[in-house]
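Chain A is the first sequence line, chain B the second, and so forth, proteins listed ahead of strands; every chain is numbered from 1. Scope of the values below: all heavy atoms of this structure, side chains included, with no hydrogens, waters or symmetry mates.
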There are 2 protein chains.
Amino acid sequence: MTRTDVALAQPSVAQTADATRVAVSTVIFTLRRLPGSERFSVALPLVTRTRDPHEGQWALPGGWLDHGESLEAAASRTLAETTGLAPSYLEQLYAFGAVDRSPTRVVSIVYWALIRADEIPDGSVENTAWFDATTLPPLAFDHNEIVDYALWRLRNKVGYSRIAHGLLADEFTLAELREVYEAILDRRLDPANFRRQVEGSGTLIPTDRFRTGSHRPARLYRYNQDVELAERGPLSTRH
Amino acid sequence: MTRTDVALAQPSVAQTADATRVAVSTVIFTLRRLPGSERFSVALPLVTRTRDPHEGQWALPGGWLDHGESLEAAASRTLAETTGLAPSYLEQLYAFGAVDRSPTRVVSIVYWALIRADEIPDGSVENTAWFDATTLPPLAFDHNEIVDYALWRLRNKVGYSRIAHGLLADEFTLAELREVYEAILDRRLDPANFRRQVEGSGTLIPTDRFRTGSHRPARLYRYNQDVELAERGPLSTRH
DNA sequence: GCAAAAGTGTTAGGCATACACCCATGG
DNA sequence: CCATGGGTGTATGCCTAACACTTTTGC
């Protein structure tokens, strides 16, 4: 009898019940403006489990690792299969392998990802719903702890890399970039100092275009493609 | 026919030849004073592979994940079995899962570790030898890339955590602590500024004892146990 | 004109760097 | 007493935070 620790997934190769199996899950973050609030907040999609264990509970999107695919490819595939999403940024988070994290032995390689609101397909996907990252219900398995760790990593990494750009369109104003930082860090940033810091970092290229529509027009910027999105050291070019 | 991607290891549960298997390897660093040199340099142990693939080549110590043990326990166990070492610091590095990294499908959860020179048992262990981390021979599988990434992580982490203490005895002088930093970062540090930085960080407690024997005696310090060895966020208390 | 956001200027404080200098011990 | 590492003092420059101020638009 086969059990899964992720939703909507089935093993693709024959496995004995006693063997350790490898699953891949993804914590994928986006920003959304809550109704009634001016600020953005971090949200993520969860899927309902359709079988035991934890049937009916919410869980991270994921599935089994196929024999012929890399870990990152498995993360992308299972994310697309369960939620229809294709993230703009994807990075390995951690491998979870406690013996008792699932009734059967499962090692989960967890990825975390970013996606812009406009990249999310219209219309809801079956069994999928978006939740505020700070007020999650009890999730299946150790997925609450996994989300906590992913949030910690996101907040950490926004301080020393350009991952915030993974949540923005090609062109954006400094205010929009600042709102991304404010949502992730959950605190206000001084617009003047923020401008100087980010302008001095060399990661932004000013354009000739302006965002108009309210008050004084704001200059649009684009990414400097020469700068890495995130420092990953010797792994930056591989998977 | 069973193949392994780590030395001196054998699967403990029946596996089909086609199934993806989970291995655990460890990059364990120590410091040693090279003959003729005043400075310390980073070294790590490798084991010779005793079977195909890559028979005869040097590889990271490791082995298969047992069905009933956690990832970290597997790292500790396989490290002890192959090298006889029990590290003072152990942290997960990355999960490597490229399809072509081994003739059979193997996902390797790699840990990295620190050990003091005085914790290394006397007498050489069979098939094990220590290498300078910066001048390694071609290793089996993707182990060269893994070591590069572990070195990058070590150098990064020494800047924002206290992991250097994992390479020192309970009591140590500031010069000894500075030598650890200099070896890892491979550059000289100003003794005066280093002292102020580390004294101001609150991680050290001065003792009444002094290291004597040459010139002016140097005060011995010990760790402040209240401060985490390394920030791991929500994972700091678990495995 | 007025409100509000875009954008600039200025100051104070903290921290890293560089380096001059004094202290204490072994030989 | 002298060489050497232990340890202190201090000036400089950079970066951050705080906030006053000017500019430019919509209404």
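The residue A:Ala192 sits close to a base: some heavy atom pair falls under 4.0 Å. Within the 4.0 angstrom heavy-atom criterion, base atoms lie near B:Arg196.
Proximity of the aromatic rings of B:His165 and B:Tyr89 is defined here by a centroid distance below 6.0 angstrom, and this criterion is not met.
Atom-to-atom, CG of A:Leu220 to P of C:dA5 comes out at 18 Å; the value is rounded to the nearest Å. Residue A:Tyr181 contributes atom OH, which lies 12 Å from atom P of D:dT16 at whole-angstrom precision. Atom CZ of A:Arg216 and atom P of C:dG7 are 6 Å apart (whole Å). Residue A:Arg187 contributes atom CZ, which lies 9 Å from atom P of D:dA18 at whole-angstrom precision. For B:Leu177 and D:dG7, the CG to P distance is 13 Å, given to the nearest whole Å. One atom, CZ of B:Arg211, and another, P of C:dT25, lie 16 Å apart when rounded to the nearest Å. A straight line from CZ of A:Phe194 to P of C:dA5 spans 17 Å, rounded to a whole angstrom. For the pair A:Gln197 CD and D:dA18 C1', the computed distance is 13 Å after rounding to whole Å.
Side-chain proximity of A:Asp190 to D:dC19, C:dA18, D:dG6: nearest is D:dC19. The side chain of B:Phe210 lies closest to D:dG7, out of C:dA3, C:dT25, D:dG7. Side-chain proximity of A:His215 to the nucleotides D:dT25, C:dG7, D:dG7 is greatest for D:dT25.
Side-chain atoms of A:Asp190 come within 3.5 Å of backbone atoms of A:Asn193 as a donor-acceptor pair (strictly under, hydrogens ignored).
Between the side chains of A:Arg162 and A:Ser201, no donor-acceptor pair is found at a separation under 3.5 Å. Counting only N and O atoms by type, the side chains of B:Arg153 and B:Asn156 include no donor and acceptor under 3.5 Å apart.
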